[in-house]
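The figures here come from the full heavy-atom set of this structure, side chains too, leaving out hydrogens, waters and symmetry mates.
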Amino acid sequence: MKKIIFTLILIIGIVVGGSFQVGRVIEAELPTILERVGELGQMKISITGYERNIFRSSVTSEISLASPGGKHEQIFLRHEIWHGPLPFGQSSDGRWHFKPMSAVVETSVDRTKPPSGLIGDVFAHCPELYDSFELTEFDFAGNGLSNYSVPGFERSFGEGDETITLDWQGMNGVATIDKSMKNIKGNVTIPSVRILTETSRVESSNIRSSYRVFEDFGGLLLGNVTLDAATMSLSSNQGKTELNDFQFRNAAQLEEDTVSYSISIGIETIMTAGETYGPAGFELDFTGLDAATILKVQKQLQTIQAEVKALTEEEISNRIFAIYADALPELIKRDPEIKLNYLNMTGPTGEFWSQGVIRFTNPGGRKINDMQSFLATIRASSDSQVSKDLLRNILTGLISEQLAEAKEAGQLGDISVEQLIVMAEGASIEQLNKLVADGAIVDEGKNYRALFKFEKREATLNGKPLQLFPPQ
């Protein structure tokens, strides 16, 4: 019996002592963690209050984000921290926590201190946002698993014909964060979003995103992002356009001392004006960009945020342009490429397809003094093909819309819809024949084709000289 009592006392002592020590460590480490989070988001996070007890601590913090023209955005947070090694408590989502871990941290918006600036305006109109929260569990290695939620709401802004209604069905997400705060990955889901006005309606449903962001090469941000939506649609007085199975992909990766980026978009079907198109999409790669130069640009852009409060939007734009202009010679010194792997769309009457590449050559990062010296670094080519029927139908549709607007304005007199369509079809055939005669496109039987090349500051289209710039 004495051994059992002694063991229980020992366990209680370990838990109490461990919780007290964990609380001390968290209090010491929290400023560093918040500073790191602030660096990732280009904002300032400061602790405004800290109350540490044996098993639990209560912390308040402030997030500040400067905006152009001296404007300031602030939001105030509360953090409830249950100390390990056996944190015990119930979080706002109703879950009880009692398993071995370093700490459990629940973060919520401080209801006693309304946010300021634009963020404050949003919270004033949508008080449901105060119910947003994040719950993070830290293991003994310092890695975190975070679950977060933003509640939904429906709200109208503006008056009369200018009224905009936002129907937001909330957001839920999960993220894992390593101890260094330099490797974050997770996913987000949004059931649906609707934006309604007097004359239009934008909707999207079943939105899902995944991401991974990490640092390499001394601080270079790399990783990948995906975004998928089951449906996206735009409705207006002119009709409805609906996209199904929308997919977006973006990635950045390091290859020795160069960086490559890729972007792709895919759409399974596009339904508009009674026609169905798809699949459609494109894939674009940026390869061979100098990593050291990109890191330098990244750090320079981050310094602008620290000074943004004292700058106007025009000054910010000028500084960003200057940063990229100065970096351009070094950025393209490793012969990078911009490659369009494909741009394609299938329609009810045919298909469009294109690919191309732009290559830059600037050995040693030679200084680029003007536009002519920059053009001398470029070699480019593209190959585009489109079914005759598809191009003719698209062109006829565009001309029909222009003629319909002219009819409504009383510029075409009293003509029927059938006559309008006949006029549009004739005009589209006439324009296509002129493009063929001028050499802008080549008639290859079932398809039209265009071959473009640019090298040594000279361009050709289908083998014929093409003047892109005014003569010197």
Q: Tell me, please, which residues at least two apart from Lys388 pass salt bridge (Lys or Arg N to Asp or Glu O under 4.0 Å).
A: Asp443
Q: Check His79, Glu134, Arg78 against Thr107 for a side-chain hydrogen bond (donor to acceptor under 3.5 Å, both in side chains) and give me the one that passes.
A: His79
Q: Could I get the full list of side chain to side chain contact (heavy atoms under 4.5 Å, CB included) partners for Ile441, not counting sequence neighbours?
A: Leu432, Leu435, Val436, Tyr448
Q. Is it true that atom OH of Tyr324 has more than 12 heavy atoms of other residues, nucleotides or ligands lying nearer than 6.0 Å?
A. no
Q | Closest non-hydrogen atom pair, Arg155 against Cys126 | A | NH2-CA, 3.9 Å
Q: With sequence neighbours excluded, give me every salt bridge (charged side-chain N to carboxylate O under 4.0 Å, His left out) pair touching residues 316-333.
A: Glu307-Arg319, Glu330-Lys333
Q. For Ala229, what residues pass the side chain to side chain contact (heavy atoms under 4.5 Å, CB included) criterion, not counting sequence neighbours?
A. Ser204, Ile207, Met232, Phe246
Q | For Glu337, salt bridge (Lys or Arg N to Asp or Glu O under 4.0 Å) partners two or more places apart | A | Arg359
**Q.** Side-chain donor-acceptor contact under 3.5 Å, Asn433 with Gln431
**A.** no
Q: Verify the distance criterion only: is there a donor paired with an acceptor across the side chains of Ser205 and Thr231 at less than 3.5 Å?
A: yes
Q: Examine distances only and state if a side-chain atom of Gln298 and a backbone atom of Leu221 form a donor-acceptor pair shorter than 3.5 Å.
A: yes
Q.
Before you tell me yes or no, could you show the steps for Ile47 and Thr60 under side-chain contact (heavy atoms from CB on, under 4.5 Å), namely the whole-Å CA-CA distance, both residues' side-chain angles and the distance that decides it to 0.1 Å?
A. CA-CA 6 Å; Ile47 297 174; Thr60 55; 5.9 Å; no
Q: Assess whether side-chain contact (heavy atoms from CB on, under 4.5 Å) is satisfied between Arg201 and Arg194, documenting all intermediate values.
A: CA-CA 7 Å; Arg201 181 188 189 106; Arg194 294 190 305 158; 2.6 Å; yes
Q. Are Glu80 and Ser58 close enough, and set up right, to give a side-chain hydrogen bond (donor to acceptor under 3.5 Å, both in side chains), and what steps lead you there?
A. CA-CA 5 Å; Glu80 296 299 327; Ser58 296; 2.9 Å; yes
Q) Can you find a heavy atom in the side chain of Asp285 that is under 4.5 Å from one in the side chain of Asn341? A) yes
Q: Report yes if some heavy atom in the side chain of Asp167 is under 4.5 Å from a heavy atom in the side chain of Gln169; otherwise report no.
A: yes
**Q.** Arg212 NZ/CZ over Phe214 ring centroid, <6.0 Å and within 45° of normal
**A.** yes
**Q.** Counterpart residues, ring-ring contact (aromatic ring centres under 6.0 Å, His included), relative to Tyr261 (two or more places apart)
**A.** none
Q) Can you tell me if Thr163 and Ser156 form a side-chain donor-acceptor pair at under 3.5 Å? A) no
(Q) Checking Asn237 against Thr199: is there a side-chain donor and acceptor pair closer than 3.5 Å? (A) no
Q. Should Ser428 and Glu430 be marked as a side-chain hydrogen bond (donor to acceptor under 3.5 Å, both in side chains) after you check the CA-CA gap, both sets of side-chain angles, and the distance that decides it?
A. CA-CA 5 Å; Ser428 66; Glu430 183 179 340; over 6 Å; no
Q) Hey, does Ile294 have a side-chain heavy atom less than 4.5 Å from the side chain of Leu220? A) yes
Q: State whether Glu455 and Lys453 are salt-bridged, where the test is any N-O pair (Lys NZ or Arg NE/NH1/NH2 against Asp/Glu carboxylate O) under 4.0 Å.
A: no
Q: Given side-chain contact (heavy atoms from CB on, under 4.5 Å), test Glu106 with Leu135 step by step and report yes or no.
A: CA-CA 4 Å; Glu106 180 179 308; Leu135 189 71; 3.7 Å; yes
**Q.** Phe282 ring center within less than 6.0 Å of Tyr342 ring center
**A.** no
(Q) With heavy-atom distances below 4.5 Å as the criterion, would you say the side chains of Asn362 and Phe374 are in contact? (A) no
Q) Any chance the side chains of Asp110 and Thr112 put a donor and an acceptor closer than 3.5 Å? A) yes
Q. Would you call Lys182-Asp178 a salt bridge at under 4.0 Å N-O?
A. no
Q. Heavy atoms, side chains only, cut-off 4.5 Å: are Asn187 and Arg208 in contact?
A. no
Q) Would you call Arg111-Asp131 a salt bridge at under 4.0 Å N-O? A) yes
Q: Apply side chain to side chain donor-acceptor pair (under 3.5 Å) to Thr361 and list each qualifying residue two or more places apart in sequence or on a separate chain.
A: none
Q) In chain order, what residues pass the side chain to side chain donor-acceptor pair (under 3.5 Å) check against Ser200, with sequence neighbours excluded? A) Thr197
(Q) Could you report the tightest heavy-atom contact between Lys464 and Gly439, atom names first, then the distance? (A) NZ-CA, 4.1 Å
**Q.** Closest non-hydrogen atom pair between Thr136 and Gly144, with its separation
**A.** CG2-CA, 4.2 Å
Q.
For Phe123 and Tyr130, take the angle between the two ring planes, folded into 0 to 90°, and tell me which bin it lands in: parallel under 30, tilted 30 to 60, perpendicular over 60.
A. perpendicular
Q | Over all atoms of both residues, closest heavy-atom pair of Phe352 and Ser384 | A | CE1-CB, 4.4 Å
Q: Would you name the heavy atoms of Tyr211 and Ala175 that are closest together and state the gap between them?
A: OH-CB, 3.4 Å
Q | Check: Pro151 main-chain N/O paired with Trp168 side-chain donor or acceptor under 3.5 Å | A | yes
Q) Of all residues at least two apart in sequence or in a different chain, which pass the side chain to side chain donor-acceptor pair (under 3.5 Å) check with Asp228? A) Arg249
**Q.** Under the side chain to side chain donor-acceptor pair (under 3.5 Å) test, residues paired with Asn393 that sit two or more places apart
**A.** Thr349
Q) Between Glu73 and Ser116, what is the shortest heavy-atom contact and its length? A) OE1-O, 3.4 Å
**Q.** Residue pair Phe157 / His125, side-chain heavy-atom distance below 4.5 Å
**A.** yes
(Q) Are more than 12 heavy atoms, taken from residues, nucleotides or ligands other than Glu444, located less than 6.0 Å from that residue's CD atom? (A) yes
Q.
If you define the side chain from C-beta out and look only at heavy atoms, does anything of Met101 sit under 4.5 Å from Asp139?
A. no
Q: Output yes when a side-chain donor or acceptor of Asn172 lies under 3.5 Å from a complementary backbone atom of Ser149, and no otherwise.
A: no
Q: Tell me, please, which residues at least two apart from Arg334 pass side chain to side chain contact (heavy atoms under 4.5 Å, CB included).
A: Asp257, Thr258, Asp290
**Q.** Those residues that, when tested against Glu256, pass salt bridge (Lys or Arg N to Asp or Glu O under 4.0 Å) (two or more places apart)
**A.** none
Q: Indicate yes or no: at least one non-hydrogen side-chain atom of Thr241 is less than 4.5 angstrom from one of Ile270.
A: yes
Q | Cationic N near anionic O, under 4.0 Å, Asp383 to Arg449 | A | yes
